[in-house]
Structure formats: C-alpha cells, structure tokens
Amino acid sequence: MNQTASITELVQRAIDGDQHAWNGIVDRYIPLVMSVVRTYRMTEKDGEDVSQTVWLRLVENLERIREPKALPAWIIRTTKNEALRVHRQRARAIPVDPVDNSPLHALPDTTEIDADLLRNELNQALRDGLADLSSEHRGLLLLLVADPPVTYEAISRELGMAIGSIGPTRARCLDKLRGTPAIQALLAADSGARDKGGVRRVSAAMGSH
C-alpha cells in the first residue's frame, strides 16, 4: 500500500471492499491508537482489547464517516471512550486502601490525558499533512525540525538550495502544510478559540517563528 495515499482515497477504497486499503488505514493509524492507550497506563491485554474494539467500531462506522480527513480525531475520540469504559469496568473490582478507603488504582488524571491527546492529534495531523506535500517541501520541513538541529549550511548542501532561499521557502512550505486536508480538519475540529491555537501549534511544531 502506498504510504502517501490520501486518507480520503484509502477510506473510499476500503468502503468498496479493498482489503489492502483497509490494511493501509490500520497501518497508518495503529500508532495513534496505541499512543492514546499508553496515556491511560493500561495493561497490555487491556490495551489490545481497546485497540481491537476501535477497529471493530471503525469497520461498523466507516461508511458513516462524512469527512475522511477527520478520521484521526474520530480514532482518538473512540479510543479514549473505549479506554475509559475499560477503566470503569476495572474500577468496580479495584481494591481499596484500608487506611483511607480510597481506590488503590484511581482513574488517571483527565487533564493530563487531554493534553496528551491534543499532542497525539497534532502529531498525526502533521504526519498526514506532510504526506500530502511534495518530497522537496517535506524534506525541507523535516530537516528544519531535525533533532539535533541541522544548520542552514548543511541543509543547503543536502537539498542543493541557496541559504538565502531557505527561510522564504520554509514559509511557503508551512502555508502549504496548513492548507492540507489533515491540518484543515484539525483546525476545524472545534470552531472558535482553538482555531488560532491550532495554527500556533502547527507553526511551533514545524519550527515557524
């Protein structure tokens, strides 16, 4: 399966019964599912159960997803809901501390989890957005955010680009990235204040100043 295939293409082909397209969706987003699962500090078995349930829900709802480019957000939300359901089930059998009668294994802090989920959603949107760019633009942006940092001189040699053109080209690349379906879906996920915050997060994540 072509890793640069758009999610819209993959979803439509999967709906039409293309098993390779379905496998492509799973391969692309299973790291996202598992990153959400890890924020809930679940056992390996519970994490596998959550993952399997998420893919089952996606099979059941694939044709109902109106906007395929919003699929990462759907996956995050479904994984979160299923992880919470499993946690609540386990909570019914959790032993209590005999000293203060509090649960020995309380539910994780949802504030911290929500912050992790926002980071996961942004990272997935960036991966999908970068996949929609040309190889030249994608290569430049990845070099600009490399860790450890790569100097402009090294980038110039690597890409055969004049040092003076790196900054302006970066700005154009970021504009194209913000216009990709994945990033637009992220920004549109919640209208209002989050839109401006989303733009700042995208710019910061890609090293824009």
Output side-chain donor-acceptor pairs under 3.5 Å for residues 153-166, partner residues at least two apart or in another chain, one line each.
from, atom 1, to, atom 2, distance (Å)
S156, OG, M161, O, 2.5
S165, OG, A162, O, 2.8

key: Chi angles and distances behind the side chain to side chain contact (heavy atoms under 4.5 Å, CB included) call for V11, L71   = CA-CA 9 Å; V11 168; L71 184 56; 4.2 Å; yes
Side chain to side chain, D18 and L10, heavy atoms closer than 4.5 Å = no
message = Any heavy-atom pair between the side chains of T8 and P181 that's under 4.5 Å?
response =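 P181 vs T8: side chains apart.
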Can you list, pair by pair, the side-chain donor-acceptor contacts under 3.5 Å of residues 47-58, counting residues two or more places apart and other chains?
from, atom 1, to, atom 2, distance (Å)
D49, OD2, K45, NZ, 3.1
S51, OG, W55, NE1, 3.2
T53, OG1, D49, O, 2.9

Could you grab the distance from atom [atom1] of [X] to atom [atom2] of [Y], nearest 0.5 Å is fine?
X    : Y    : atom1 : atom2 : result
R13  : H20  : CZ    : NE2   : 9.0 Å
L130 : C173 : CG    : SG    : 10.0 Å
I25  : I7   : CD1   : CD1   : 5.0 Å
T180 : L177 : OG1   : CG    : 5.0 Å
L141 : R170 : CG    : CZ    : 9.0 Å

Quick one: side-chain hydrogen bond (donor to acceptor under 3.5 Å, both in side chains) partners of [X], sequence neighbours excluded?
X    : answer
T78  : none
D147 : none
T43  : D46
R38  : none

Using the test side-chain contact (heavy atoms from CB on, under 4.5 Å), find all partners of [X] that sit at least two apart in sequence or belong to another chain.
X    : answer
E136 : S134
E63  : I15
A146 : V150

message = Strictly distance-based, threshold 3.5 Å: is any side-chain N or O of N61 a donor or acceptor partner for the main-chain N or O of R64?
response =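 No; judged by distance alone, with no hydrogens or angles, the pair does not exist.
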query = Salt bridge or not for D175 and R172, using N-O below 4.0 Å?
reply =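 Looking at D175 and R172, the cut-off is not met.
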